[in-house]
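No experiment lies behind these values; they were computed from the predicted model shown. Note that ligands are numbered from 1 as they come in the structure, with each ligand's atoms numbered from 1 the same way.
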Amino acid sequence: MKSTTRRQPARTAARFIGSVILAASVTAGAALIAFAVSPVDIRHVDPEAAVMSISSAQPTMQIPGPPGNPDRRDRRNPATAAGEADGVIPDGATVTVFDDEVPAVANLDPDLLAALRRAATDAADDGVIFYVNSGWRSPEYQEELLREAITTYGSAEEAAKWVASSDTSAHVSGDAVDIGRSEATAWLSEHGAGYGLCQIYENEPWHYELRPDAIQNGCPPMYADPTHDPRMQG
Ligand SMILES: [Zn+2]
């Protein structure tokens, strides 16, 4: 009897711990489902924060893309949605600056791509990989993102702070890349200027363009957001 009495609290404790683990699993599952059905459907919202929050909870988990991934085509009309040939990064794909077969990468400006690859090769020595969340985009894909941004932000004016039109976007001309994850953007913010790679907008730490003069002079001052960029007044 005594041994049974002594063991009882242990079993109760085990059941309690089991319940905690179960509850934690359910919570994590619910969080993942929430990401999957997130109504925020624009990559520029905040990919880094979301990736960081998941990877810190589960370091070994492969994250296909930020929750704001605009490429989740399950919510789209497949007849009108842009596809991989438009520069969409396929859902679940992990694309790096070396993936030549991906149009979003292959159609980038050759000088930008060469600079990215030089930087990525050196960053790899520090254990950092440059993932591409978005690169070149077709005008159709850009317009789709803009329409989604207007829905998300409620007005064209607010959406313009985050998504350019197809006439003005540096992504459409192949002159801009959105780099993931936080390790890579941190590496670039420290070393990017040496490769001519510059962050352009304060509100977009992932958006990089080529500024060859930066190798000599450092990167130019950033715009607060794209609406302050003279190129966007088009
Ligand atoms: Zn961008």
message: Against the six-membered ring of Tyr131, is Arg181 placed for a cation-pi contact (under 6.0 Å from the centre, within 45° of the normal)?
response: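 Arg181 over Tyr131 ring: yes.
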
Do any N/O/S atoms of Glu204 come under 2.8 Å of the Zn ion (ligand 1)?
->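 No N, O or S atom of Glu204 is closer than 2.8 Å to the Zn ion (ligand 1), so no.
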
**Prompt:** What is the name of the N/O/S atom in Asp178 that sits closest to the Zn ion (ligand 1)?
**Reply:**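 When I compare the N, O and S atoms of Asp178, OD1 is nearest to the Zn ion (ligand 1).
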
key: Atom name, His207 (N, O or S, nearest to the Zn ion (ligand 1))   =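 Nearest to the Zn ion (ligand 1) within His207's N, O and S set: ND1.
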
Do Leu188 and Tyr208 have side chains that get closer than 4.5 Å, going by heavy atoms?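 Result yes, sub-4.5 Å side-chain heavy-atom pair found.
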
Between Asp100 and Arg117, is there a side-chain N and carboxylate O pair less than 4.0 Å apart?
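A salt bridge is present here (some side-chain N lies under 4.0 Å from a carboxylate O).
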
Restricting to non-hydrogen atoms, name the atom on Ala82 and the atom on Val88 that form the minimum distance, rounded to 0.1 Å.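 Closest approach of Ala82 to Val88, heavy atoms only: O-CG2, 3.6 Å.
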
